[in-house]
Protein chains: 2
Amino acid sequence: MMTDNSLKLYEQVVHYLVVRIEAGEWKEHEKLPSVRSLSELLGVHRLTVFKAYQELKERGNVYVKDKSGYYVSPADPSPVTDQADDPAVSAWLHWDSLARVQSLEAEFQFSKSLIDPALLPNRYWGELMRDLLDLYPRLLGTYSTIQGDLELRSALASHLTTRERFYLSADEVLITSGAQQAIDVISRSLVRPGDRVLMERPTYGPAMEIFRKQGAKLIFTDIHPDGYDLEQIERLMKQEKPRVFYMTPTFQNPTGINIPTEQRKQLPELAEQYGCFLVEDDSTYDIYFKEKPPAPIFTYDTTGHTLYIRSYSKYVVPGLRIAAIMCRPRFMPGLQAVKALTDNGSPLLNQKLFLRYFQSPRMHQHLSKLRTALQLRMEVMEQCLQQTDWTWTRPEGGLNIWAELPEGVDTGRLLHRCMEHSVAFVPGTVFDPSDADASRKLRLSFSYAHEQQIREGMSRLIALAENT
Amino acid sequence: MMTDNSLKLYEQVVHYLVVRIEAGEWKEHEKLPSVRSLSELLGVHRLTVFKAYQELKERGNVYVKDKSGYYVSPADPSPVTDQADDPAVSAWLHWDSLARVQSLEAEFQFSKSLIDPALLPNRYWGELMRDLLDLYPRLLGTYSTIQGDLELRSALASHLTTRERFYLSADEVLITSGAQQAIDVISRSLVRPGDRVLMERPTYGPAMEIFRKQGAKLIFTDIHPDGYDLEQIERLMKQEKPRVFYMTPTFQNPTGINIPTEQRKQLPELAEQYGCFLVEDDSTYDIYFKEKPPAPIFTYDTTGHTLYIRSYSKYVVPGLRIAAIMCRPRFMPGLQAVKALTDNGSPLLNQKLFLRYFQSPRMHQHLSKLRTALQLRMEVMEQCLQQTDWTWTRPEGGLNIWAELPEGVDTGRLLHRCMEHSVAFVPGTVFDPSDADASRKLRLSFSYAHEQQIREGMSRLIALAENT
């Protein structure tokens, strides 16, 4: 061990001990090796080990008991002390963060609104990747521009213009690493501390975290099976002057509701009238079960108040994390400045590989198959729910069912018990901390588990919920 | 064009015109098509086109002149009006942002501290990529964990522990998309509005932008060829209580200076004494010309006050954008919470491909060749500088030469003139807006242009500087 001349010997022993204590090799209140044994093990003088222990004692890492030896002190009540009141850290530590809940390991996984990798064309992607460097020989040595690869931006703009009436040029597209980053970049570009941000209730939890972290005050408008209450929205825009209205109007997350076309047409007018920007987050556009969803609000906005996020990460090629912000050019300097600070541009490899798939006929064939597979899983999950007295609305698309349990059930507590049986879902309060009833709700994603897992996992979940 | 029933006809004409005006098809004050010709072109009634023009007139997009027709109004003085006082946007618009300067296109490129793609083992990477999906068949369908791929974190921890005495476990590593994102995630995790942040003068410009955007007040300590003034640092830590000291102590950016070992040992002690966290950004660790740089400050820190950023993006595999934060576990909840909001985890493809290269013997062979090639380019650039009366210190490693021009030269203005001759560099004020002399300085990267380009570009640059 001792080949290093730049650290003093006893400091190296300190190092040796500290990293192993932190790695859990010795637990709290566990006895540490004796001076003698450690000196033999490390080939250093006993006095050196003694000095190291003295140092650790002074620092509070170890304590001495009954003269019998050195013991590990209880750990620092981490995290970094004054971060506990940071809403993002607090949400993380208390499982109120969607990202944290989704990172829980479970056999029956209904918390991840991600596609089961078995449903994805992995072999075909392998073929696309195999000769990618023949097409772009210096791809791995090259940085993307901050706004994103021009070839990809042009392809997206052209596709959305000809197929979906977006009327975009490549200058009006910025590539991000997932919709998550798109929301974050928009928030840091447009929202300042103290600004009001209007949100749907319930809404995508991480978006609330992002705007809160940016210092915004959140205000809410309820979403119903038949859409928004536009009068309430107009009143809020008039009174509270929100800087931004963040929305997921297509297969709304978590409810699966579609905002009807008539409201989509009116929203840009309200936005213009009250100087509010619409952030339209569209992460599952192609995942519909009966018919295509209504056209995005962006396509009705003739005054450039809408920033549209189209994500290809959740359901097209998850591993590449490609999403895009579409908006008028006046937003671009601000968005690019933030994107530059955030990560200096998304990796070029991911953009070019996505482009190849996006331009292949296989993508649309695959999306069609995927819709069928997901609808089947959704129906299996609904069959399970039909045995309960829970309420839910059948989603017209997307990856989730939003359900409400009978009074008296707290889905946050239920999750902790379900985790013991390897069943994960997202408690309702993650999407709506402001509503008392939210603690009776939960979001069930049917996209990650296969049919059999859905049946078994739902049966466990229902049994646990009924024994609360 | 007119197949869409959801937008009214005249709205579609408005759309048609707006996007083409924005795309520059008609310039400001240029005459637009007549009502008659447009109605024929689009196959709609003249009154519909008339109504569209009225709408655009009301909105201020077009104006009427001498009854002779419709003209394009001057563009909105974009960006979004109240963003002009955002320091990041302002820097972006005024070429004070490093990212913006580096995005300038030039034939003689001395502004990019990136490796010339011709110096990178592109063919070998192609081989690694070719069978990557055989090893990880579902790689493109899978999200990474937020902290980063465990296999990669373990490999990094183990390498740094055995080779560089970091004594890390995989739990103490978080993968980011480049050092840029690492700084941003640390800043958003640790720094609150009003906090002081201590920085080297001069320093990496985007780090200043990040901490400013987070609302921090920056304070500076000068860096000299023989290192820091530790007494000044201690005084500043005592008086100003900075939350963070951001530093690039190895081949400092932009000066190329190495902080000596003695100071590296004392800094963690100061940090502990005054409750300051050290953010040690190490982006060119392997790019040394004579001998290895001193061991990182992190390895001398036994109290866990240092967050260490090792980037493999600039010089190992630029296109993958892999970097890592190494720090003690108590920082991880905060860092993970921010990383989740930022992008929900770096793409898995990039991490696994990097891992393969990192574990191959080729990486170290390649780094050795790269050092030789870069030293040669540095020496060519120095030869050019020897014909001037500029001053500079020969860098011991890294990618840049930091030079000072005679009095009277403003390198910001010089850049604008150089751009007309396709020569790009970074003006000194990007790294040090607080020092009046900074406007005489510039950073020249020798890593992106080849020898001949360096000779020709430097000759143009020197000629232009002398004719100021």
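Convention: sequence-line order gives letters A, B, ...; per-chain numbering from 1.
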Undergrad: A:Leu353 versus chain B, heavy atoms under 4.5 Å apart: side chain, backbone, both or neither?
TA: side chain

Undergrad: Need one label for A:Val317: side chain, backbone, both or neither, based on atoms under 4.5 Å from any heavy atom in chain B.
TA: both

Undergrad: By a 4.5 Å heavy-atom criterion (distance strictly below it), what part of A:Leu114 contacts chain B: side chain, backbone, both, or neither?
TA: side chain

Undergrad: Measuring heavy-atom distances to chain B, does A:Thr145 have an atom under 4.5 Å in its side chain, in its backbone, in both, or in neither?
TA: neither

Undergrad: What part of A:Lys213 is in contact with chain B, defined as an atom under 4.5 angstrom from a non-hydrogen atom: side chain, backbone, both or neither?
TA: side chain

Undergrad: Counting only heavy atoms closer than 4.5 Å, note whether A:Asn350 contacts chain B via side chain, backbone, both or neither.
TA: side chain

Undergrad: Do any pairs count as a salt bridge (charged side-chain N to carboxylate O under 4.0 Å, His left out) and have a residue in residues 118-130 of chain A, sequence neighbours left out, and if so which ones?
TA: A:Arg130-B:Asp134

Undergrad: Please classify the contact between B:Arg188 and chain A as side chain, backbone, both or neither, with a heavy-atom cut-off of under 4.5 Å.
TA: both

Undergrad: Is the centre of the A:Tyr167 ring less than 6.0 Å from the centre of the B:Tyr16 ring?
TA: no

Undergrad: I'd like to check A:Met332 versus A:Cys327 (side-chain heavy atoms, cut-off strictly below 4.5 Å). Are they in contact?
TA: yes

Undergrad: With a 4.5 angstrom heavy-atom cut-off, is it the side chain or the backbone of B:Glu262 that approaches chain A, or both, or neither?
TA: neither

Undergrad: A:Glu164: which residues meet the salt bridge (Lys or Arg N to Asp or Glu O under 4.0 Å) condition with it, sequence neighbours left out?
TA: A:Arg310

Undergrad: So what's closer than 4.5 Å to chain B heavy atoms on A:Leu320: side chain, backbone, both or neither?
TA: both

Undergrad: Considering only heavy atoms, which portion of A:Ser313 lies under 4.5 Å from any heavy atom of chain B: side chain, backbone, both, or neither?
TA: both

